[in-house]
Amino acid sequence: MESVTPAKRQKFSGSNNSPTWQEIQAQRQNLPIFPARKRLLHELRQNDSSIVIGETASGKTTQIPQYIYETGMHRNLMIACTQPRRVAAITVAQRVSQEKGQDVGALVGYCVRFDDTTSEKTKIKYMTDGMLLRESILDPLLKRYAVVLLDEAHERTIHTDVLFGVVKSAQHQRRQRGITPLKIIVMSATMDVDQFSRYFNDAPVLYLEGRQFPVKMMYTCETQSDYQFSALSTIFQIHQEAPPRQDILVFLTGQEEIESMVTAIRDVSKELSDDSSKILALPMYASLPQHLQLRVFQNAPKGTRKVIVATNIAETSVTIRNIKFVVDTGKVKAKTFNPRSGLDMLKVQKTSKAQAWQRSGRAGRESAGTCYRLYTEEDYEALPTNTRPEILRCNLCSVTLQLLALGIKNIAQFDFMDKPSTESIQNAIVQLKLLGAIENTDDNKLTPLGRKMAAFPLDPSLAKVILKAVDFDCLEEILTIVSMLSVESIMHSPASKREEASAVQAKFISHEGDHLTYLNVYRSYKGVSGSKNWCHENFINARNMKTACDIRGQLRDICMKQDMQFKSCGRETAVIRECLAHGFFMNAAELQKDGKYISVASRQPVAIHPSSAIFRCKPSYVIYNELVKTSACYMRNVCVVDPDWIFEAAPNYFKTRPLHT
DNA sequence: GAGCACTGC
């Protein structure tokens, strides 16, 4: 499925009549994929691996698993269809269940984190790619499945990329051992599939037509120096010329830019003459509260043009109907990772051609549309063809631990479609050795500790902290802290009410740092039984608190399976910090005589992030969860430690990195 | 005294 429109949109569509059985079957037969059914099944039957190129709205995601099921090709095993996003797995499973006239969880089910609806009856299973990857650790041959469809393969998420290697190896081993063969079907939206075909032993490529309307491309004559200004004038140019009720989607890079653009559009439209039609500007980005996000799906009042200003969330995750014009600035904010410094950076970059193509497609969903690219055609030609796959630009610690748990010892020899640099693989192995997850030999053998760590859906450092908590009798507290660290922004302070927010939140602050502050928030939250009202009064994000509680439950279950001792340290909170040091000793910083911090690992200057609970404090030693480079190198989620603790956590590590105590 | 794209287990 190319995209997902939140199910809640139906609330605004005015009709809640569910279609009849006949209507559903007619809709199925009306899909572009339907005439290709026979040819498609013939090819899929003939080949162990196939690549399917399906244009937008071809019906491949909902129909192909059903076609396979109807022929019995699955030999009474399951058919898995993976999606990069949870909502997609859920909504597609709901739709396909409806088409089969059954409840979700019977013949058709979905499996995503915290929500597994499958049963013994389930044969068609929609799931997130990360979920299948987790399952493969327990069963590398994927014996429950006869067919695995990897959907949205062009997005190249880190999970899909690892799954490519896992399914290929499972297929090979099953053939050798004479087990039921595994069929692999890779589904992609882009035409650039030579790499997929080559990787899966020259698998045949099947093309499916879609239902996309033509989109007219407009380029600028000159390269624009100020894309925000350029976007603003393009919006009003369209507004003056196009008939009303033809909506515009604008792609920008981030929250701040989007909010100022929305304000600018509102200001300019106030100055328009009264007889010109009205304009309604709406922001759309992931951290926008849900009730504000839903506004983009509502129809604008009669005679009003809707202008949605969005991040790349509107490229794939969210589909807005009735878009006639797309304004593409050609920019995107993306995370970059430097394996040498271990630094994450968010930078505004140029999009790839594939991304530009995806954006322009948003103008041709219901009828022919126009895309205004705010760059020249030559600029476009100079863009990279595809976005760099995630696996080439992120920290590989987690993935490496998972591959080792799968029994793959030689990570550098793993059959990656795009091989990460030797440096980033080596960096991950060094980290895992420091954490004690791998034996200190050359064969990359997992230690018993490492094997246990791999069972947790967490960064290896956090998994290590959980396992260490048993020794410090503080597992209850550590589970809470790790869960709180696994969600974004628990405390929010809107710019307009910043002082009010920090005043009410002052009661949570611990002089021991952010981790203990989170523990205080969690305890207070539990003290009022998770009251939504309490969250509101204290500027606590209720949705994220709920997620943290779900994560805590899942981590607790894993600890139970490992027979770990649940103990609480009560008021003796120092042991919590000592325990944290065992996962984060390599993220230590020390206070210099000049009152500034430098990192122990690289001796580079770092600073406590202004959002930290101990921003103004100057403890001699701190550890931190991550380093973010913006206007300076900021440490986020900071904890006060005793230098003896970090030394004790890894004496060998500090032999070459002396602590100046 | 700073601001943070998007996913996922």
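Naming: A, B, ... by sequence-line order, numbering from 1 per chain.
Nearest to the side-chain atoms of Lys333(A) among the listed nucleotides dC4(B), dC9(B), dT7(B) stands dC4(B). In this structure, the nucleotide among dG1(B), dC4(B), dC9(B) sitting nearest to the side chain of His609(A) is dC4(B). Distance from the side chain of Tyr285(A) is smallest to dC6(B) among dT7(B), dC9(B), dC6(B). Relative to the side chain of Ser317(A), the nucleotides dA2(B), dG1(B), dC6(B) differ in distance, and dC6(B) lies closest. Of the candidate nucleotides dA2(B), dC6(B), dT7(B), dC6(B) has the atom lying nearest to any side-chain atom of Asn312(A).
As a whole-Å value, the separation of Asn395(A) CG from dG8(B) P is 20 Å. Note: CG (Asp557(A)) to P (dC9(B)) measures 16 Å, nearest angstrom. In this structure, Leu252(A) atom CG and dA5(B) atom P are separated by 11 Å, rounded to whole Å. One interatomic measurement links the two molecules: CD of Gln554(A) to P of dG8(B), which rounds to 14 Å at whole-angstrom precision. Atom P of nucleotide dG8(B) and atom CD of Glu135(A) are separated by 17 Å, given to the nearest angstrom. One atom, CG of Leu163(A), and another, C1' of dG8(B), lie 12 Å apart when rounded to the nearest Å. Atom CZ in Arg156(A) sits about 17 Å away from atom C1' in dC6(B), given to the nearest Å. Protein atom CG of Asn544(A) is 18 Å distant from nucleotide atom P of dC4(B), rounded to whole Å.
The side chain to side chain donor-acceptor pair (under 3.5 Å) check on Lys350(A) picks up nothing, with sequence neighbours excluded.
Arg86(A) contributes a side-chain N or O that, together with a main-chain N or O of Arg113(A), makes up a donor-acceptor pair within less than 3.5 Å.
Of the N and O atoms on the side chains of Tyr375(A) and Asp328(A), at least one donor lies less than 3.5 Å from an acceptor on the other residue. Judged purely by distance below 3.5 Å, without hydrogens or angles, the side chains of Lys507(A) and Asn538(A) pair a donor atom with an acceptor atom.
Note on Thr128(A): only backbone sugar-phosphate atoms sit closer than 4.0 angstrom, heavy atoms only; bases stay farther off. Backbone-only contact: Arg86(A) has heavy atoms under 4.0 Å from sugar-phosphate atoms and none from a base. Counting non-hydrogen atoms under 4.0 angstrom, Phe456(A) reaches nothing in the nucleic acid. Among the atoms of the strands shown, only primed sugar atoms or phosphate atoms (P, OP1, OP2) are found under 4.0 Å from some heavy atom of Val112(A). Heavy atoms of Arg636(A) sit under 4.0 angstrom from at least one base atom. Across all strands shown, Gln402(A) has no heavy atoms under 4.0 Å from either base or sugar-phosphate atoms.
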Donor-acceptor pairs under 3.5 Å, side chain of residues 556-563 of chain A to any protein atom, not counting sequence neighbours: which ones?
unit_1, atom_1, unit_2, atom_2, d
Arg556(A), NH2, Glu476(A), OE2, 3.3
Gln562(A), NE2, Lys452(A), O, 3.4

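When the nearest nucleotides of DNA chain B are assigned to Pro457(A) and Pro610(A) by heavy-atom distance, the more 5′-ward of the two goes with Pro610(A). Residue order along DNA chain B, read from the 5' end via each residue's closest nucleotide, puts Glu488(A) first among Gly130(A) and Glu488(A).
OP1 or OP2 of dA2(B) has not a single side-chain nitrogen or oxygen of Ser611(A) nearer than 4.0 Å.
Ring centroids of Tyr634(A) and Tyr624(A) are separated by 6.0 Å or more, keeping the two rings apart.
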